[in-house]
Each structure stands twice: as structure tokens, then as C-alpha cells.
2 protein chains.
Amino acid sequence: MSNPDAATPRERYRAQVREEIKKHAWEQIAAAGASALSLNAIAKQIGMSGPALYRYFASRDELITELIRDAYRSLADAFRARAAAGADLAALAHTLREWALADPQRYFLLYGTPVPGYQAPEDTTRIASQIMAVLLDACAAGPLPDTPPSPIQAHLDDHRAWADQHPAPPSALHRALLFWTRLHGALSLELAGHFTGMGFDPARLYAAETESLTGR
Amino acid sequence: MSNPDAATPRERYRAQVREEIKKHAWEQIAAAGASALSLNAIAKQIGMSGPALYRYFASRDELITELIRDAYRSLADAFRARAAAGADLAALAHTLREWALADPQRYFLLYGTPVPGYQAPEDTTRIASQIMAVLLDACAAGPLPDTPPSPIQAHLDDHRAWADQHPAPPSALHRALLFWTRLHGALSLELAGHFTGMGFDPARLYAAETESLTGR
DNA sequence: AGCAGTTGGTTAGAAGGTATCACGAAGGCG
DNA sequence: CGCCTTCGTGATACCTTCTAACCAACTGCT
């Protein structure tokens, strides 16, 4: 089931319309953010009347959830592709920034302000852990710095459930987490425009933080 | 003008109602985020009918802008109070986390997903630069590490307009920026719930990042 | 081939949101 | 005391999401 092209014409048409809906949804999100996404406006752009969209997505939330899923998949694919090409941590950091700059609102859809009630479906967290696996591979592969065993690394070694059985040493666990938090910190502030008017080049700050992870 | 209590009874009443509106607005934001803020619901809670609120705030956006202003002021006050008590960088880091955990949605109102069209009013950026000034003071006061002069520090030294005439050495500029981006990275991911279910303690990660700034 | 059932589309309408307008009531001030 | 500003109201226009009822068209089975 849900076979891409060998399905019935009906299912193919259905998938096609769903894709067109999502295409216009992404355009709206890129233009005005996810909170401004309007099913009515999408319907008008496609050329059908409002309620017709509910044949394809049960609700506005379900559409957004599907977009989140696609965004996670897109980022995971970008990471996997670069990792398969033998990329190191610095290359992954560059990949992350390129992916985020290509569509800032898509980045914020994953890592921006959460809606208090919203609970992410199980499969998105699964894709997120795939991204983490690629990251852990890269962290474990690179030359591990001979840092003294810090308390945080011991703590992470004690609570490595999130690493999903990955056999990375404690310092690699720590590095993967720092990759995430440090790059997200510099990147999200840049994308949110908090650096505009400050004069310096955000790319250089990002590069410096990347170097702080790869150990120069 | 806008004298707090010595004004006319009319102005006092007006200020009182505005405060009550903002109080309920904060409750709504803490409960469901800023995007779910409803002027109608606030009016109902206060006991007056919808359009009456427009006597106090010209629009929903103006109310939110006022809340952003208050949030910036609150954070700046917390920073200044701790700095006046002789706090170092680590204490400021702790202050930031406490302030954020007290009301995560308030933190996201300042540093969360931006609305593409929205332009922050001039005075909020001024308050933000006051926060940066306190941060630069603390960075310049602490013992500066004898790190080799890195390219990023030279770049920041060349573009120090954002430091607003502050006579901090390049390494302090760099440290202030890292304070911002690294702590925001760890904090925002924690507040957004991206660490839930991962097992480790976000406070320890935050503490470790704080140590990375203070140089242990 | 023809009939039945699923599916996709429509319009109408409920419920709730922002925001404007016109009007009446209440307060402050000369 | 009377005027005038201000406050709150209901009515209204125009959005939004989403449900219900209805109709057309396509699919598949006999």
C-alpha cells in the first residue's frame, strides 16, 4: 500500500493534489511563517473552494505535522548524503547552515517556538534520532581530543539512552550534543535577525563555533 | 508626562486597566503561546466586551509589542540587579536560565520564531543593547583567558559597532557573543522540549556550557 | 453494459477571531 | 452648571477553521 506510482489512478491523483497543497503551504510558510498558514488561501490558489482541502488533510494541524515530517526527512537526507560522501563534522555543520538558510521558516518549524499543547508524533522523533545517529557517527569517527574526563561526560555516559545503542565514547556523546546546541544557538539567532545591524558577519561566528567543535 | 501615580484619576484608571489586560495576556501566553493570544478572550475575562480593549491597545500587534518591551525590561532588570550585586559571568548565566524557566513562552517571545514581517520598535533594540552592555562589563571584568588571537576576534574587533563604544578587548567581545549564542542554544532546545525523553539532565549541560565560557 | 459504492467537489452555516463604526453614558474641568 | 473628552456598548464587515448536506463523477463488480 501507498506504493508511489504503481497505485491506482485515484491514489496517484490524490498524492498529486496533496503534493500541490504542500507546495503552496511551504510558499506561505516561507513568506509569513507557519502561524500565518491559511487553508482557505491555499485552496483559492489551487483553484478549489475551502472545505475541499479537508478531503486531503483532516485539519490544519495535520497538514503542519506532515510538513514537519517532510522537513525532518529533508534535513536527515541532507545529512545522510553528506555523511555517505565521507563528510566530517565541519562539513555537517556547513550542511546544517546551508539547509537552514535555504528556508529559515522551515528551520523554525523544527527548532523554533513550540506550541505548548502540541505533541510530536512518534515517527518524527524517530527521524530526529536518525539525524542524531549520523551526528554520532561523525563525532566518533573524528580524532577525539584528549580532554580530561569532565563531569558532564560522565553524566552523559550514565544516561545514554538517547544515543540509541550507539557505541560512541562519552566524549563523542558530548561533542554531538554541543554540535547541536552551539550551532543551533548561533544559527537560530542569526535567522531570527538578532544579529542584523550588529555589523559582524554571522558566517564567521558560525565558522568559529564549528572550529570549537572540531578542535581546530 | 506618563508620571506613574501623580497623574489625573483618568490616567491612573487607564494605566490600571492596561496593566490588567497585560496580566491576562501573560496568562494566556504562558498557557498556549503568543500565537494563541486572543483579545476577545481577555475582554471576556476582564468583564467587558470585545471592542472595548481597542481603547487601550490599538491592535493585537501593539499589545504584543508592549509585552515584548516589558519582557526585555524584565530581563534587563534581572541582569542589572545581579550585576549590581557583583555577579560574575556564571551568575549571569544562572540568572538567564532562571528567568527563562520562570516563563518559557516569555523567553520565546524575545528569542523564538520571528514573524517575517515584524519590525521591532527602536526602543526594544535599545533595551537589548543595555543587556549586552551588562554582559560586556562582566566579560571584561573576569579573568581573560590567554587564548591565541583568533580570526573571529580580529573580525569582531573590526566590527565593534554593536558594542556601543564599550571599551572591552576583542576576547571579551567574543566571550559575550558566545555567552549569548551558546546559552541560548542549550536553553532554547531545553525549553522547546527537544531534550525530553533523552534522559540526561539539561541543567548539567547548561552548567557545562557555562564553564566553557568562564574558562572553568 | 449497467448498477452500486466510494470519492471529490460544491454551497451553506456554525463558532470564533480582529477591527471599525456609531451611539449613549459617565466622568473631569473650566 | 454645562461642555467635552473618554469609556463601553452593540452592530457590522471580513477573516479564519471546520462540519454538514448534497451532487457529480469515477471505480469496480456482477
Side-chain angles (χ1 to χ4, degrees), chain A residues 1-3 5-25 27-29 31-68 109 115-118, chain B residues 1-3 5-29 31-68 115-118:
Chain A
M1 69 173 85
S2 93
N3 196 345
D5 31 31
T8 72
R10 264 240 159 103
E11 283 176 358
R12 234 176 338 177
Y13 176 74
R14 183 177 179 79
Q16 198 173 325
V17 175
R18 277 177 68 104
E19 278 311 307
E20 192 173 351
I21 292 173
K22 291 202 277 186
K23 190 190 79 183
H24 287 95
E27 289 171 2
Q28 281 195 15
I29 287 179
S35 64
L37 188 146
S38 158
L39 293 190
N40 253 333
I42 294 176
K44 241 163 245 166
Q45 286 177 339
I46 291 185
M48 48 186 188
S49 222
L53 287 204
Y54 288 83
R55 299 284 179 190
Y56 298 94
F57 294 96
S59 70
R60 183 177 179 273
D61 270 14
E62 197 195 275
L63 171 58
I64 292 185
T65 297
E66 181 68 22
L67 296 176
I68 291 176
L109 199 58
V115 177
Y118 184 79
Chain B
M1 65 174 87
S2 93
N3 195 344
D5 31 32
T8 73
R10 266 248 160 95
E11 283 177 358
R12 236 179 334 180
Y13 175 73
R14 182 175 180 79
Q16 199 172 325
V17 175
R18 276 178 69 102
E19 277 313 306
E20 192 174 350
I21 292 172
K22 291 201 277 184
K23 190 190 79 182
H24 286 95
W26 279 121
E27 289 171 3
Q28 281 195 15
I29 287 179
S35 64
L37 188 145
S38 158
L39 294 189
N40 253 332
I42 294 176
K44 240 164 247 167
Q45 286 177 340
I46 291 184
M48 50 185 185
S49 220
L53 286 206
Y54 288 82
R55 299 283 178 192
Y56 299 93
F57 294 95
S59 70
R60 184 176 178 273
D61 270 15
E62 197 194 274
L63 171 57
I64 292 184
T65 298
E66 181 68 23
L67 296 177
I68 291 175
V115 178
Y118 184 77

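Note that the coordinates shown come from a computational prediction; the quantities given were computed from them, not determined experimentally. Convention: sequence-line order gives letters A, B, ...; per-chain numbering from 1.
Here A:S49 does not reach the OP1 or OP2 of C:dT10: none of its side-chain N or O atoms lies under 4.0 Å away. At the phosphate of D:dA25, neither OP1 nor OP2 sits under 4.0 Å from any side-chain N or O atom of A:Y13. Within the 4.0 Å cut-off from OP1 or OP2 of D:dT16, at least one side-chain nitrogen or oxygen of A:N40 is found. At the phosphate of D:dT17, OP1 or OP2 sits under 4.0 Å from a side-chain N or O atom of A:S38.
In this structure, the CD1 atom of B:I46 is 14 Å from the P atom of D:dC7, given to the nearest Å. Counting to the nearest Å, the P atom of C:dG8 and the OH atom of A:Y54 are 17 Å from each other. Atom-to-atom, CD of B:Q45 to P of C:dG17 comes out at 11 Å; the value is rounded to the nearest Å.
Listed candidates were D:dT17, D:dT16, C:dA19. Nearest to the side chain of A:L39 is D:dT17. Set against C:dT11, D:dT9, C:dG8, the side chain of A:P51 has C:dT11 as its closest nucleotide. Closest to the side chain of B:R60, out of D:dT9, C:dA19, C:dA12, is C:dA19.
When heavy atoms are screened at a 4.0 angstrom cut-off, A:L37 is found touching the sugar-phosphate backbone but no base atom. Across all strands shown, A:F57 has no heavy atoms under 4.0 Å from either base or sugar-phosphate atoms.
At distances below 3.5 Å, not a single donor-acceptor pair connects side-chain atoms of B:R18 with backbone N or O atoms of B:F57.
The NZ atom of A:K23 lies 10.5 Å from the CD atom of A:E19; values are rounded to the nearest 0.5 Å.
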Using a 4.0 Å cut-off on protein heavy atoms (strictly under), produce a 5'-to-3' string for nucleotides 22-30 of chain C with B for base contact, S for backbone-only sugar-phosphate contact, and - for none. B----SS--
